[in-house]
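Worksheet: the structure to be examined is printed underneath.
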Amino acid sequence: QVQLVESGGGLVQAGGSLRLSCAASGRTFSSYTMGWFRQAPGKEREFVAAISWSGGSTYHADSVKGRFTCSRDNAKNTVYLQMNSLKPEDTAVYYCAASNVVSSSRWSSLKSYAYWGQGTQVTVSS
């Protein structure tokens with residue numbers, strides 16, 4: 001099993017930056033695909049980004065491409081989401097998740113992820 005704890009959320013003005021971290025427990029962290037999702041009030045949880053077990057492949061949703069970057073440090077059991085040029089529509093609770101799915105074609109599906117963190121709030125003011 002993997003336990004995930006997100007941190008780094010907060011309140012930021014539009015155009016600003018935040019870096020989210022997700023710390024994982026367990027010695028098998030490096031074998032998991034890691035993903036970031038977000039959920040705004042009244043909306044469904046949506047895919048943001050994912051990264052392969054090695055960090056060699058990443059996949060970002062079109063809505064964040066060019067602004068957000070997902071990375072990982074397997075030595076620290078941590079995955080990151082660097083968020084730049086933030087917009088009010090990025091306001092949401094952000095979740096990290098762990099998956100055994102290797103195929104990148106399935107990384108954007110919530111059903112691919114077995115383990116989830118508790119989420120961290122990101123609020124972008126206009």
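When a residue number appears, it is its place in the shown sequence, counting from 1.
- Atoms CD and OG, from Glu89 and Ser126 in turn, are 10.0 Å apart once rounded to the nearest 0.5 Å.
- To the nearest 0.5 Å, the span separating CG on Asn77 from OG on Ser30 amounts to 7.5 Å.
- Here Trp36 contributes atom CH2 and Trp107 contributes atom CH2; the two are 16.0 Å apart, rounded to the nearest 0.5 Å.
- Contact between Leu81 and Ala49 at its shortest, heavy atoms only, is CD1-CB, 4.2 Å.
- Note on Leu86 and Val64: same hydrophobic cluster, where clusters join Ile, Leu, Val, Met, Phe, Trp and Tyr whose side-chain heavy atoms are under 4.5 Å apart, directly or indirectly.
- Residues Glu6 and Gly117 share a closest heavy-atom pair of OE2-CA, 3.3 Å.
- A donor-acceptor contact shorter than 3.5 Å is absent between the side chain of Asp90 and the backbone of Ala14.
- Distance check: Ile51 CD1 to Ser99 OG gives 13.5 Å after rounding to the nearest 0.5 Å.
- Looking at every heavy atom in both residues, Tyr59 comes nearest to Ser104 through CD2-O, 4.4 Å.
- Although no hydrogens or angles enter the test, the distance criterion places a donor-acceptor pair under 3.5 Å between the side chain of Ser112 and the main chain of Arg106.
- The side-chain heavy atoms of Thr91 and Gln121, taken from C-beta on, include a pair separated by under 4.5 Å.
- In this structure, Val48 is a member of the same hydrophobic cluster as Leu20, with clusters built from ILVMFWY side-chain heavy atoms closer than 4.5 Å.
- Atom OG of residue Ser85 and atom CZ of residue Arg67 lie 7.0 Å apart, to the nearest 0.5 angstrom.
- Comment: Asp62 engages Lys65 in a salt bridge, judged by a side-chain N to carboxylate O separation of less than 4.0 angstrom.
- Between Thr78 atom OG1 and Met34 atom CE the span is 9.0 Å, to the nearest 0.5 Å.
- Note: Trp116 and Tyr95 have perpendicular aromatic rings, judged against thresholds of 30 and 60 degrees for the angle between ring planes.
- Of the possible donor and acceptor atoms, none in the side chain of Gln3 sits under 3.5 Å from a partner among the backbone N and O of Ser25.
- Few gaps surround OH on Tyr115; more than 12 heavy atoms of other groups in view lie less than 6.0 Å from it.
- Both Val101 and Tyr113 are part of a single hydrophobic cluster, where members link through side-chain heavy atoms under 4.5 Å apart.
- Taking all atoms of both residues into account, the shortest heavy-atom contact from Cys22 to Leu4 is SG-CB, 3.9 Å.
- No continuous path of hydrophobic side-chain contacts links Leu110 to Tyr94 [ILVMFWY only; heavy atoms under 4.5 Å].
- A heavy-atom distance below 4.5 Å is found between the side chains of Val79 and Cys70.
- Geometrically, Arg72 does not engage Tyr32 in a cation-pi contact, judged by NZ or CZ lying under 6.0 Å from the ring centre and within 45° of the ring axis.
- Counting only heavy atoms from C-beta outward, the side chains of Leu18 and Phe68 never approach each other to under 4.5 Å.
- Closest non-hydrogen pair, Ala61 versus Phe47, comes out as CB-O, 3.6 Å.
- Under the 4.5 Å side-chain criterion, counting only non-hydrogen atoms from C-beta, Arg38 is in contact with Ser63.
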